[in-house]
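Quick notes on the structure that follows.
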Amino acid sequence: MALRIYNTMTGEKELFVPLTPGRVGMYVCGVTVYDYCHIGHARAGIVFDIIYRYLQYSGYDVTYVRNYTDIDDKIINRANQEGTDYRTIADRYIEAFDEDMARLGLAKPTVEPKATDHIGGIISIIEALVAKGHAYLSGGDVYYAVETFPEYLKLSGRNLEDMLAGARVEVGDKKRHPMDFALWKGSKPGEPWWQSPWGNGRPGWHIECSAMSMEFLGKTFDIHGGGKDLVFPHHENEIAQSEGANGCQFVRYWVHNGFVNINAEKMSKSLGNFFTIREVLQKYDPETLRFFILSAHYRSPLDFSDQNLDEAQSGLERIYNCLASLDDILNGNPQPAETALVRDLPQVGLELQEKVDSFMTRFAETMDDDFNAAQALGVLFEMVRATNRFLAETEKMAPLSLSLLAHVRALFVEAGGVLGLFTTAPSLWLERIKAAKACQIDISTDEIERLIAERSAARRAKDFRRGDEIRDLLLAKGILLLDSAQGTTWNVK
RNA sequence: GGCGCGUUAUCCAAGAGGCUAGGAGCCGGUCUGCAAAACCGUUAACGUCGGUUCGAAUCCGACACGCGCCUCCA
């Protein structure tokens, strides 16, 4: 099997062949740091996180670049609103972004450059574009002349006439063609600025990504990612800039993730229907959110709702329950000596052994198929079921059984490492979920414990009516009682 | 108006011609004083109408509905 990636440029899944064998250069558009990130940003972050992890898992030496756009109209506007400077705003939200992504368990990219640290590179590219006739100076700004780049709009598969028919393009008097876009903007009073051959000013939005990708990955590199909404204009413009300046192919594989929807509508800042990552993490565990995001293919739309998050949590709990059972058994028994033959296993054991043997192959096959994490989760669940069956039907754990279970446990760690899941000890995770639910209950832990003690006494005295009364009372408060041989524990409904 | 995408059982969701996806739920069972939790088992689908094919959820065409981009946006 070999990795196949859906390339937006061709609209097809293509065999992935890196420019340099064994190495991958990947650039993903980060965020403009002017506010807290929402769930859409979380999805993009997690999608490219697992792509990054899987490429590494597949043996590639990956250089992953994800930028911060730290100079932009929105940042300046925000600074003006708050009566501060753009740097304060940018630094504040860079910090917030880092916190959010760390909580979501994203691996750190190889480089996280800031646009403002690459003004020199930006100016060089603009100079090259001007020299080649792709760009022109007009009223203190520098614009890209889209008509000089015949392949413009090749990524989104449109043409200039159709775009203009859309009639929502503002015709600026400084532009030769309405679709021309700014590479460099002359600074207005009070705005941050840098020196340039065209006077003091600041970079346009698109040019920074051309500059930073070239700096760290070269003129041509393997994978460029971002949200679907960046296809036009951002990525089209990057292509025009980079290929216009360098005269060679910019990106080999374009990868775009789908949106997060609310009630089947795109979640976005402009629509105002968004939830920030922080808000959601107050209610849901970060791994639940990750699991939810991975439960749909990265190019599909994903509908965000409490019900869907709850379902994701139930599914993840199922896996963690299985892992917790495995840990109990593995920790409670001596390390197996590993001698017996496979055929000594009972029938359920053979079934599990078969799942174990094929697991990583099947997992890799699904991930090789355009990073199909949703299907990979299906493979995981099949192993959960086989494991649970084995545990239920095996009374005495022979060394061979223990060795098999240890193998299962290791496979979950291996797959979890690619998906960014199961990073927490199962017992801790389950405890954490319980604690989070407990916060929403209006009865104290002490009171619950007191009632449980009273009920246990009643049950010992065979007073089951009183016992059931207490159980119903707690249930009304949303507390579930779990009786077992070891005693009674509780959980939140 | 231009370009593109989607429609899978109660819900979420994978699936690019023949091979049980998976999860949540329902129902049945194991366990239990009875329950619950957990676990096991089971259930059901491919928007509509045509076409291609021995065979279509999967390919082609039309229609309906939904969504996205065309303006800053992950």
Side-chain angles (χ1 to χ4, degrees), chain A residues 11-13 28-32 34 37-48 72-74 77 153 156-159 161-170 179 205 225-234 256-261 264-271 274 291-292 295-297 299-303 305 307-319 321-322 324-325 348 362 366 369-370 372-382 384-385 387-389 391-393 459 462 464-465 467-468 471-472 475 479-485 488-491 493:
Chain A
E12 285 173 3
K13 282 186 202 169
V28 174
C29 291
V31 289
T32 301
Y34 73 103
C37 287
H38 57 67
I39 302 303
H41 298 111
R43 184 178 196 192
I46 287 170
V47 161
F48 289 102
D72 179 81
D73 289 351
K74 291 190 170 181
N77 290 343
L153 304 179
S156 50
R158 306 169 213 230
N159 60 63
E161 295 83 73
D162 290 343
M163 295 293 280
L164 290 175
R168 279 203 273 175
V169 183
E170 229 177 278
M179 295 294 290
W205 173 37
K228 260 194 168 100
D229 45 0
L230 296 182
V231 172
F232 181 88
H234 187 52
H256 294 98
N257 67 277
F259 298 130
V260 175
N261 291 341
E265 277 196 329
K266 178 187 171 185
M267 173 191 291
S268 76
K269 280 282 172 63
S270 25
L271 290 173
F274 63 92
F291 184 87
F292 167 66
S295 70
H297 189 271
R299 282 188 281 116
S300 306
L302 181 65
D303 213 56
S305 68
Q307 191 198 327
N308 290 348
L309 263 289
D310 287 339
E311 282 187 11
Q313 178 154 306
S314 298
L316 187 55
E317 274 188 79
R318 179 172 156 82
I319 300 179
N321 273 321
C322 176
S325 306
V348 276
R362 298 220 294 139
T366 63
D369 185 13
D370 196 28
N372 195 336
Q375 197 169 41
L377 291 180
V379 176
L380 245 61
F381 274 110
E382 285 181 36
V384 166
R385 194 182 343 122
T387 304
N388 284 335
R389 261 180 73 170
L391 292 178
E393 296 185 27
R459 290 179 69 219
K462 301 276 182 216
F464 293 121
R465 242 188 62 194
D468 292 351
R471 184 167 69 199
D472 292 345
L475 186 62
I479 305 296
L480 292 174
L481 293 187
L482 317 166
D483 294 332
S484 75
T488 301
T489 57
W490 58 277
N491 210 336
K493 196 175 168 182

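The chains referred to below are lettered A, B, ... by the order of the sequence lines, with proteins before strands, and numbering in each begins at 1.
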Taking only the side-chain heavy atoms of [X] (C-beta and beyond), determine which of [options] contains the nearest atom.
X: A:N321; options: B:A14, B:C39, B:C40; result: B:C39
X: A:K13; options: B:C69, B:A14, B:A16; result: B:A16
X: A:A392; options: B:C39, B:C72, B:A74; result: B:C39
X: A:L482; options: B:A37, B:C34, B:A74; result: B:A37
X: A:Q307; options: B:G33, B:G68, B:C11; result: B:C11
X: A:D483; options: B:C12, B:A35, B:A74; result: B:A35

Verdict with reasoning, A:R471 to A:L480, per side-chain contact (heavy atoms from CB on, under 4.5 Å): CA-CA 8 Å; A:R471 184 167 69 199; A:L480 292 174; over 6 Å; no

What interatomic distance, in whole Å, is found between [atom1] of [M] and the corresponding atom of [N]?
N: B:C19; M: B:A24; atom1: P; value: 25 Å
N: B:A45; M: B:U52; atom1: P; value: 26 Å
N: B:A44; M: B:C39; atom1: P; value: 23 Å
N: B:A13; M: B:G23; atom1: C1'; value: 8 Å
N: B:A74; M: B:C31; atom1: C1'; value: 48 Å
N: B:G50; M: B:G25; atom1: P; value: 39 Å
N: B:C11; M: B:C46; atom1: C1'; value: 16 Å
N: B:A38; M: B:U53; atom1: C1'; value: 49 Å

For [N], what is the paired nucleotide under Watson-Crick or G-U wobble rules, both distances under 3.5 Å?
N: B:U71; result: none
N: B:C5; result: B:G66
N: B:U53; result: none
N: B:G41; result: B:C27
N: B:A16; result: none

Is there a donor on the side chain of A:R471 or the base of B:A35 sitting less than 3.5 Å from an acceptor on the other? yes

Tell me the interatomic distance from [X], atom [atom1], to [N], atom [atom2], rounded to whole angstroms.
X: A:F232; N: B:C70; atom1: CZ; atom2: P; answer: 8 Å
X: A:N77; N: B:C72; atom1: CG; atom2: P; answer: 14 Å
X: A:D229; N: B:A74; atom1: CG; atom2: P; answer: 6 Å
X: A:N159; N: B:C69; atom1: CG; atom2: C1'; answer: 14 Å
X: A:N308; N: B:A13; atom1: CG; atom2: P; answer: 7 Å
X: A:I319; N: B:C39; atom1: CD1; atom2: C1'; answer: 15 Å
X: A:L481; N: B:A38; atom1: CG; atom2: P; answer: 14 Å
X: A:D472; N: B:C34; atom1: CG; atom2: P; answer: 16 Å

When you measure from the side-chain N and O atoms of A:N388 to the phosphate of B:A38, is any distance below 4.0 Å, counting only OP1 and OP2?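 So the side chain of A:N388 is outside the cut-off, no N or O lying under 4.0 Å from OP1 or OP2 of B:A38.
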
Give a yes/no on whether any side-chain N or O of A:K266 is located under 4.0 angstrom from OP1 or OP2 of B:C69. yes

Spacing of A:I479 atom CD1 and A:W490 atom CH2 [to the nearest 0.5 Å]: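 That separation rounds to 5.0 Å.
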
Give one of base, sugar-phosphate or nothing for [X], where a contact means two heavy atoms less than 4.0 Å apart.
X: A:S300; result: sugar-phosphate
X: A:F259; result: base
X: A:G227; result: sugar-phosphate
X: A:V260; result: base
X: A:G467; result: nothing
X: A:D468; result: base
X: A:K269; result: nothing
X: A:H38; result: base

Is there side-chain contact between [X] and [Y], with heavy atoms separated by less than 4.5 Å?
X: A:V260; Y: A:K266; value: no
X: A:M179; Y: A:M163; value: yes
X: A:I319; Y: A:F291; value: yes
X: A:I39; Y: A:M267; value: yes

Are any protein N/O atoms closer than 3.5 Å to N/O atoms in nucleotides 3-9 of chain B? If there are, list each pair with its distance.
none

Ignoring hydrogens, what is the shortest heavy-atom contact between A:A374 and A:S295? Give both atom names and the distance. CB-O, 3.3 Å

Please name the pair of heavy atoms, one in A:G226 and one in A:V28, separated by the smallest distance, quoted to 0.1 Å.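 Looking at all heavy atoms of both residues, the shortest contact is N-CG1, 4.5 Å.
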
Looking at residues at least two apart in the chain, or sitting in another chain, which of them share a salt bridge (charged side-chain N to carboxylate O under 4.0 Å, His left out) with A:R385?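 Testing A:R385 for salt bridge (charged side-chain N to carboxylate O under 4.0 Å, His left out), a comparison that skips the adjacent residues, returns none.
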
So which protein N/O to nucleotides 21-23 of chain B N/O distances come out below 3.5 Å?
unit_1, atom_1, unit_2, atom_2, d
B:A21, O2', A:E382, OE2, 3.1
B:G22, OP1, A:R385, NH2, 3.3
B:G23, N2, A:E311, OE1, 2.9

Would you check, one step at a time, whether the test side-chain contact (heavy atoms from CB on, under 4.5 Å) holds for A:F259 with A:L302? CA-CA 6 Å; A:F259 298 130; A:L302 181 65; over 6 Å; no

Going through the distances and angles, do A:T488 and A:D483 end up as a side chain to side chain donor-acceptor pair (under 3.5 Å)? CA-CA 4 Å; A:T488 301; A:D483 294 332; 2.8 Å; yes

5' precedence on RNA chain B between A:G30 and A:E393 (nearest-nucleotide basis):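 First, find each residue's nearest nucleotide; the 5'-ward one identifies A:E393.
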
NZ or CZ of A:K269 within 45° of A:F274 ring axis and under 6.0 Å: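 Verdict for A:F274: a cation-pi partner in A:K269.
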
Does A:R158 make a cation-pi contact with A:F232 (under 6.0 Å, within 45 degrees of the axis)? yes

